[in-house]
Amino acid sequence: MASKTLHFPSPRHLHSLYGSKEENLAHAERMLGVRLVTREDWLKIEPATDATPAAGDAAVGRAEALFRFLNEARGQGMTIRTPDFHRITDGFARGEGEQMRALIDQPLVIATNRRSIVPKTLGQKLYLQSMLAHPIVFGIGPAGTGKTYLAMAAAVSALLRNEVERIILTRPAVEAGETLGFLPGDLREKILPYLRPLYDALGDMMDPEDTARLTEKGIIEIAPLAYMRGRTLSRSFVVLDEAQNTTPEQMMMFLTRLGDDSRMVVTGDITQIDLPRAKQSGLLEVRHILTDIPGIDFHTFSGADVVRHPLVSRIIAAYDAYRNPMDRENGGAEKT
């Protein structure tokens, strides 16, 4: 069985491919069935001692492909953190190397003022491609998959390229309910906590001064969903976040605001519905109504697209495994 030694421009360059953490190399050894030895600017890949010749050669080949992929991804601006390294390594271990290569063979970069956004998973890349190709896109999936963040990046990029004249960001303020009036401050201060995640994402992509200036001019608008009623949103990029907390009536109201030369992205997680049990989620219903309409695309993320801590995807998988038997026992009536 042959080993393979890869050389890189510098030790720092090599360390950046695995997040500069030795435990990440140990993870790759376990997942790929190889032994990794690194010194200075080189990495030696050896088959596991108990592997057969054929299995050992295949394992070395997968590991070599992994590190060549990571090197190319680094060259395209991807910062490889521990979660990224684990996710990519696990993909190669599952035999998804060719699918993973689509991330770098056809690079897709969303440019904003403060940073360039590069999709970190194949699912994220397909989601971005969908937003570029369809007037209305639904991004549905668990927490940490980048649904809202990538929609915000696409909106900011479209504004900077003069493809739209406004960005409108909205969420249903479901959590506030009837207690909104008891919160301190004026109306804007009362609803700010429910819109904070949108401001945070926007702050990652634009300078605070630019955000304040564009908000003051109405070029960027962040408002509760109720403010959308009766409007026609033309030449705008509109993002509806937390859409699992819309009612069917609110969802229809929102979608029918679409005006000329506008784009809409609707994001939500159907496992985190905060509506009263008696109310149906508009996001659950709309998937059955609009699936076959040209120009509307539904993109569903999975736990493999989670880009937070590696434990997040495992937590999601554990909850899915726990819920599914309950759903079967209750005829699918269990509220998620």
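Since the structure is predicted, the reported quantities are computational estimates derived from the model, not experimental observations. One is the number of the first residue; the rest follow in order along the sequence.
- Leu36 and Trp42 fall into different hydrophobic clusters, where Ile, Leu, Val, Met, Phe, Trp and Tyr residues are linked whenever their side-chain heavy atoms come under 4.5 Å apart, directly or through other members.
- Residues Ser234 and Arg166 approach most closely at O-NH2, 3.6 Å, considering heavy atoms.
- Side-chain atoms of Asp241 and Thr267 include a donor-acceptor pair closer than 3.5 Å.
- Looking at Ser3, its side chain never comes within 3.5 Å of a backbone N or O of Glu46 through a donor-acceptor pair.
- Under the 4.5 Å side-chain contact rule for hydrophobic residues, Leu6 and Val37 do not share a cluster.
- Proximity of a side-chain donor or acceptor of Thr300 to a complementary backbone N or O of Ile140 within less than 3.5 Å is not detected.
- Applying the side chain to side chain donor-acceptor pair (under 3.5 Å) test to residues at least two apart or on different chains, the pairs with a partner in residues 19-31 are Asn24-Thr82, Asn24-His86, His27-Asp90.
- Contact record, Leu70 with Ile80: O-CD1, 3.6 Å, taken as the closest heavy-atom pair.
- With Asn245 contributing its side chain and Asp274 its backbone, the two residues share a donor-acceptor pair below 3.5 Å.
- The shortest distance between side-chain heavy atoms of Phe92 and Met100 falls below 4.5 Å.
- Between Ala28 and Thr89, the closest heavy-atom pair is CA-CG2, 3.8 Å.
- Judged by distance alone, with hydrogens and angles left aside, the side-chain atoms of Gln244 form a donor-acceptor pair with the main-chain N or O of Asp269 at under 3.5 Å.
- Although no hydrogens or angles enter the test, the distance criterion places no donor-acceptor pair under 3.5 Å between the side chain of Arg101 and the main chain of Gly97.
- Within the 4.5 Å cutoff, no side-chain heavy atoms of Leu150 are placed close to those of Pro119.
- Taking the side chain as every heavy atom from C-beta outward, Met264 and Leu240 never approach each other to under 4.5 Å.
- Among all heavy-atom pairs drawn from Ala158 and Phe237, the shortest one is CB-CD1, 3.9 Å.
- Residues Arg257 and Ile168 fail the side-chain proximity criterion, which asks for heavy atoms closer than 4.5 Å.
- Residues satisfying the ring pair (Phe, Tyr, Trp, His ring centres under 6.0 Å) criterion with Phe67, sequence neighbours excluded, are absent altogether.
- Of all non-hydrogen atoms in Ala155 and Val239, the two that sit nearest each other are CB-CG2, 4.5 Å.
- Hydrophobic clustering keeps Met252 apart from Leu284 (ILVMFWY residues linked when any side-chain heavy atoms are closer than 4.5 Å, directly or through intermediates).
- Leu169 has its side chain out of reach of Tyr199: every pair of non-hydrogen atoms, C-beta onward, lies at least 4.5 Å apart.
- Considering only residues two or more places apart in sequence or on other chains, Glu96 meets the side chain to side chain donor-acceptor pair (under 3.5 Å) condition with Arg94.
- A chain of hydrophobic side-chain contacts below 4.5 Å, direct or via other Ile, Leu, Val, Met, Phe, Trp or Tyr residues, connects Leu128 to Leu132.
- Between the Tyr127 side chain and the Lys147 main chain, a donor and an acceptor come within less than 3.5 Å of each other.
- Smallest separation of non-hydrogen atoms from Leu233 and Ser262: O-OG, 2.6 Å.
- Proximity of a side-chain donor or acceptor of Ser236 to a complementary backbone N or O of Val238 within less than 3.5 Å is not detected.
- Side-chain contact check for Ile117 versus Val156: every heavy-atom pair is 4.5 Å or farther apart.
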